[in-house]
Every structure is written in C-alpha cells, then in structure tokens.
Amino acid sequence: MKKKLVIANWKMNPVKLADAKKVLTGTLKEVAGVKAVQVVVCPPTVFLPELSKAVKGAGAPRLCVQDLFHEGSGAYTGQTSPQMAKQFKATWAILGHSERRERGEDNETVGRKVRYAIAEGYTAVLCIGERERNEEGAHYTFVRDELEAVFAGLKRKDLEKLVIAYEPVWAIGKRAEEAMQTHELYEMALFIKKLLIERYGRKPAEQVSVLYGGSVKPENAEQIVREGGVDGLLVGSASLDPKQYGEIVRAVQTVAQAQV
Ligand code: 13P
C-alpha cells in the first residue's frame with residue numbers, strides 16, 4: 001500500500017524568516033518518529049536556502065515549492081526554475097494551485113509545468129478543483145477537463161512522480177465544519193481514480209496518490225481520510241501551527257496503521 005501523505009502548504013506565510021524557522025522547528029519536532037505518513041513541507045521559496053539546512057536525514061520531511069516555471073533559465077522575470085530550487089533540497093512542487101489559477105494560470109501552463117517538473121526529477125502535486133457546485137454535476141466535467149489537459153502530455157512512466165490534490169475552491173480557508181462532506185469526497189476521489197485507470201491502466205494509475213485539501217483541521221482530518229477515499233491531505237492554514245499540523249499528521253497515521 002502507498003504511504004499516506006500530509007503536505008503543509010504555508011502559502012505566503014509567515015512574513016519573517018525568524019518565524020518561518022520557528023514553524024519549521026516546531027513541525028520537525030511534532031512529526032519526529034512518524035513513519036507511516038510521508039510529511040512534505042512547502043514554505044515560501046525565498047526561505048528555502050535557510051530552512052533547508054534544518055532538514056536532514058533519510059526520514060526527514062520532504063521540502064516542496066509552491067510553484068515552478070517550465071524552463072530552466074532565461075528572460076522570465078520573477079520565475080523560479082526547478083534547477084534553482086533543487087539546490088535547496090526541494091524535491092516536490094505544488095503546481096496549478098487554485099490561488100494561482102485565479103490569477104490567470106491556465107490548464108495549458110499547468111500541464112507544461114507538471115511535465116517539466118517531473119522531467120527534472122520532482123514529485124508534482126497537481127492541484128485541481130471546481131469553484132462551485134450545482135445540481136447538474138458540472139463540477140465533474142470541470143475536474144475532468146482540468147485533468148485531461150495535463151494527461152494530454154503525460155506518459156505512463158510520469159505517473160510514478162504524480163500526486164493529485166483535489167481542492168474544491170469553495171471549501172478552502174473555512175472552518176472545519178465547512179470542509180467537504182466525506183461522502184461527496186468519496187465520489188470525487190473515485191471519479192479521479194477512474195479517469196486515471198481509463199487513461200493509463202490500473203497499475204500505473206494506482207501509483208498516483210489522490211489527496212484532499214480545503215479546511216483540514218485536527219478535528220476533521222481522521223474522518224476525511226478514513227471515509228473520503230483519499231491517500232492524504234493538503235493542509236493550508238492549520239499547517240502554520242506545528243501543534244495542529246502534528247495532530248493532523250498523527251490522525252492520518254492512525255488511519256494508515258488501521259488499514260495495514
Ligand atoms: P486551507 O487548509 O487553509 O483551507 O487551505 C487549503 C489549501 O489551499 C492548501 O493548498
């Protein structure tokens with residue numbers, strides 16, 4: 001069975017390097033000894049050179065960036081290339097987060113970024129998710145279109161390095177009670193897995209972890225993973241509090257151990 005994943009997306013927080021160091025130190029302490037869950041931490045890219053010094057050892061959390069460009073170098077003002085970030089131990093990349101798509105990133109660009117990051121050895125965490133839901137189920141078409149735009153350029157082999165994070169935009173940044181209902185999540189997780197199987201076959205498709213993100217907190221994490229049919233979580237605001245994040249990681253570990 002695949003290892004469950006819990007990814008911390010700090011987004012554009014905290015502002016000060018000293019505070020980022022505190023969050024990382026606290027997080028490392030909280031997750032020390034956790035073996036059944038792969039912990040991944042995505043701080044702001046500008047802090048990576050300093051933070052990466054504290055992340056050592058084979059069992060340590062993986063470092064992740066919140067975006068990467070689809071070229072190695074050149075006249076691309078403001079972008080970060082995979083080759084740059086990898087010097088600071090970044091081996092994972094969140095790509096196509098809804099907060100970037102809202103500012104103009106389209107499916108084609110996300111697809112190019114995913115392909116390039118994987119070619120450069122990264123594990124790509126592809127974010128998808130509808131803005132809203134309606135009775136007609138338009139969210140299924142929306143999610144399928146987002147996925148197919150990326151699948152168009154991906155080979156079977158690339159699936160070894162692909163993670164899909166389903167983050168319905170309407171469920172992001174809310175209280176625990178407003179996270180997605182687990183029976184609805186179960187259906188969507190199944191739908192995503194079915195699309196993968198149809199396109200690539202069962203074995204390659206099964207390598208892909210499907211995560212949920214959107215108002216994950218200590219109080220709902222265990223239920224989401226146990227009942228939602230997902231392989232882990234992408235955590236936003238709660239990941240900035242090492243105690244809360246630690247509780248979430250341990251909750252997922254409990255589910256992982258029960259499923260062995
Ligand atoms: P919240 O956990 O703050 O809702 O954020 C979810 C998210 O966007 C993670 O990428």
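When a ligand or atom number is given, it counts from 1 through the structure's own listing order.
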Which atoms of ligand 1 have any heavy atom of [X] under 4.0 Å away?
X      : result
Ser237 : 1 (P), 2 (O), 3 (O)
Asn9   : 9 (C), 10 (O)
Ser215 : 1 (P), 2 (O), 4 (O)
Gly214 : 4 (O), 6 (C)

So which pairs with a foot in residues 164-178 pass side-chain hydrogen bond (donor to acceptor under 3.5 Å, both in side chains), sequence neighbours left out?
His97-Glu167, Glu130-Tyr166, Glu130-Trp170, Arg133-Tyr166, Arg175-Glu177, Arg175-Glu178

Assess [X] for proximity to ligand 1: is some non-hydrogen atom of it under 4.0 Å away?
X      : result
Gly173 : yes
Ala238 : no
Lys11  : yes

Gly236 versus ligand 1: do any nitrogen or oxygen atoms come within less than 3.5 Å of each other?
yes

So how far is it from [X] [atom1] to [Y] [atom2], rounded to the nearest 0.5 Å?
X      : Y      : atom1 : atom2 : result
Leu63  : Phe88  : CG    : CZ    : 11.5 Å
Ile172 : Ser215 : CD1   : OG    : 8.0 Å
Leu211 : Lys4   : CG    : NZ    : 10.0 Å
Thr45  : Asp67  : OG1   : CG    : 7.5 Å

Taking Tyr212 as the fixed residue, which of Thr182, Ile224, Val225 is the one that meets the side-chain contact (heavy atoms from CB on, under 4.5 Å) rule?
Ile224

Identify the closest protein heavy atom to atom 7 (C) of ligand 1: which residue and atom is it, and at what distance?
Glu167 OE2, 3.0 Å

Of all protein heavy atoms, the one nearest atom 10 (O) of ligand 1 is His97 NE2, 2.8 Å

Angle class for the Tyr200/Phe151 ring planes (parallel below 30°, perpendicular above 60°, tilted otherwise)?
perpendicular

